[in-house]
**Q** 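One structure is given below, represented as structure tokens, and several questions about it will come after.
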Amino acid sequence: MQILIDNNNYITQIVCDGAEIASDKRIELETPDNFEEIFEKFQYYKYENGQLILDENRKIEYDLELTKENIRINRSNICFPIINRGVLWYNMLSEKQRNELNTWYQKWLDAPETLDVPETPNWIKELTI
């Protein structure tokens, strides 16, 4: 097994089964018994004193960033197609709908930080069916 690490000793690349990392900074290691676990989440592991160490804090931070990115992707797919409609569409909405839309939009904008994905109002769902 070969790994490549960054300046903080976190794994940035991992290979095995005869493949090679094209870098003179690669580190050769014996393939551990838990290789599949390490391979799936190699970003969480640090190389220290010849060992691969799971960094729980990094795992938490990385998973949080992944959650935030997924929320941003969902916001782009769910919210923005509705919000980016033209003025003629907005003119057809009732005041109540415009208020709901503004609230829903603001919740989507805040969602990567709050981690609270807003429920789409029913009247918007009906438009997208």
Side-chain angles (χ1 to χ4, degrees):
M1 175 174 94
Q2 296 176 5
I3 62 170
L4 191 61
I5 57 175
D6 64 14
N7 292 336
N8 296 316
N9 292 338
Y10 287 102
I11 299 175
T12 60
Q13 190 175 356
I14 186 170
V15 298
C16 75
D17 296 334
E20 285 198 21
I21 296 174
S23 172
D24 59 350
K25 297 181 180 181
R26 68 180 179 260
I27 299 169
E28 299 266 349
L29 298 170
E30 289 293 319
T31 303
D33 292 337
N34 64 339
F35 172 76
E36 287 189 24
E37 174 187 325
I38 293 171
F39 186 76
E40 286 180 21
K41 302 291 184 175
F42 69 87
Q43 303 90 336
Y44 307 155
Y45 285 84
K46 194 171 192 173
Y47 181 71
E48 290 183 347
N49 302 319
Q51 301 285 320
L52 297 179
I53 308 297
L54 175 63
D55 184 335
E56 289 291 340
N57 289 331
R58 182 161 172 112
K59 179 182 183 311
I60 291 167
E61 291 169 11
Y62 194 88
D63 287 349
L64 178 60
E65 284 307 311
L66 189 59
T67 298
K68 288 179 179 185
E69 185 58 27
N70 285 333
I71 289 173
R72 288 183 190 99
I73 290 168
N74 285 335
R75 177 179 63 193
S76 180
N77 292 332
I78 296 169
C79 177
F80 292 163
I82 299 297
I83 292 301
N84 293 332
R85 293 182 176 202
V87 69
L88 294 176
W89 181 79
Y90 282 100
N91 287 343
M92 293 175 45
L93 299 178
S94 70
E95 185 176 343
K96 180 182 176 191
Q97 287 173 321
R98 282 193 299 275
N99 289 336
E100 281 184 56
L101 187 63
N102 286 334
T103 300
W104 181 68
Y105 179 49
Q106 188 59 55
K107 286 181 180 180
W108 266 116
L109 292 177
D110 296 340
E113 294 307 313
T114 64
L115 305 180
D116 184 25
V117 175
E119 179 67 30
T120 303
N122 286 332
W123 64 270
I124 293 176
K125 288 180 189 177
E126 291 170 6
L127 292 173
T128 58
I129 293 177

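Note that the numbering runs from 1 along the sequence shown for the chain.
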**Q** Main chain of N8, side chain of D6: is a donor-acceptor contact present, judged purely on distance under 3.5 Å?
**A** yes
**Q** When hydrophobic residues are tied together by side-chain contacts of less than 4.5 Å, even through go-betweens, does M1 share a cluster with Y10?
**A** no
**Q** List the steps, then state whether side chain to side chain contact (heavy atoms under 4.5 Å, CB included) holds for W89 with N84.
**A** CA-CA 10 Å; W89 181 79; N84 293 332; over 6 Å; no
**Q** State yes or no: do I11 and L54 share one hydrophobic cluster built from I, L, V, M, F, W and Y residues joined by side-chain heavy-atom distances below 4.5 Å, directly or via other members?
**A** yes
**Q** Check this for me: does any side-chain nitrogen of one of R72 and E69 sit under 4.0 Å from a carboxylate oxygen of the other?
**A** yes
**Q** For a side chain to side chain contact (heavy atoms under 4.5 Å, CB included) check, start with the C-alpha distance between D55 and Y45, then their side-chain angles and the critical distance, and finish with the verdict.
**A** CA-CA 6 Å; D55 184 335; Y45 285 84; over 6 Å; no
**Q** As an exercise, state the distance from CG of L4 to CD1 of I27, rounded to the nearest 0.5 Å.
**A** 8.0 Å
**Q** Please round to the nearest 0.5 Å and tell me the distance separating atom OG of S94 and atom CD of E100.
**A** 7.5 Å
**Q** How far does CD of Q106 sit from CG of N102, to the nearest 0.5 angstrom?
**A** 9.0 Å
**Q** Would you say the side-chain atoms of Y90 pair up with the backbone N or O of I83, donor to acceptor, closer than 3.5 Å?
**A** yes
**Q** For Y62 and Q43, work out which heavy atoms get closest and say how close.
**A** OH-NE2, 3.2 Å
**Q** Does the side chain of P121 reach to within under 4.5 Å of the side chain of Q97, using non-hydrogen atoms?
**A** no
**Q** Same hydrophobic cluster for L115 and W104, using side-chain heavy-atom links shorter than 4.5 Å among ILVMFWY?
**A** yes
**Q** Could you tell me if the side chain of I3 sits less than 4.5 Å from the side chain of F42, heavy atoms only?
**A** no
**Q** If you define the side chain from C-beta out and look only at heavy atoms, does anything of R75 sit under 4.5 Å from P112?
**A** yes
**Q** Please report the shortest heavy-atom distance between P118 and A111, naming the atom on each side.
**A** CD-CB, 4.4 Å
**Q** Charged N to carboxylate O below 4.0 Å: is that the case for E119 and K125?
**A** yes
**Q** Group every Ile, Leu, Val, Met, Phe, Trp and Tyr by side-chain heavy-atom contacts under 4.5 Å, then state whether F39 and I21 land in the same group.
**A** no
**Q** Please report the interatomic distance CD1(I14) to CG(L52), rounded to the nearest 0.5 Å.
**A** 6.5 Å
**Q** With rounding to the nearest 0.5 angstrom, report the NZ to CG distance, K96 to L101.
**A** 13.5 Å
**Q** Tell me, do I78 and V117 make a side-chain contact under 4.5 Å, heavy atoms counted?
**A** no
**Q** Is K46 atom NZ crowded by more than 12 heavy atoms from other residues, nucleotides or ligands, each under 6.0 Å away?
**A** yes
**Q** Quick one: pull up CD in E65 and CG in N70 and give me the separation to the nearest 0.5 Å.
**A** 11.0 Å
**Q** Hydrophobic cluster membership, with links at side-chain heavy-atom distances under 4.5 Å among I/L/V/M/F/W/Y: are I124 and L93 in one?
**A** yes
**Q** Just wondering, more than 12 heavy atoms not from E95 lying within 6.0 Å of its CD?
**A** no
**Q** Side chains of I60 and L64: does their closest heavy-atom pair fall under 4.5 Å?
**A** no
**Q** Tell me the closest heavy-atom pair linking W108 and I71, and the distance in Å.
**A** CZ3-O, 3.7 Å
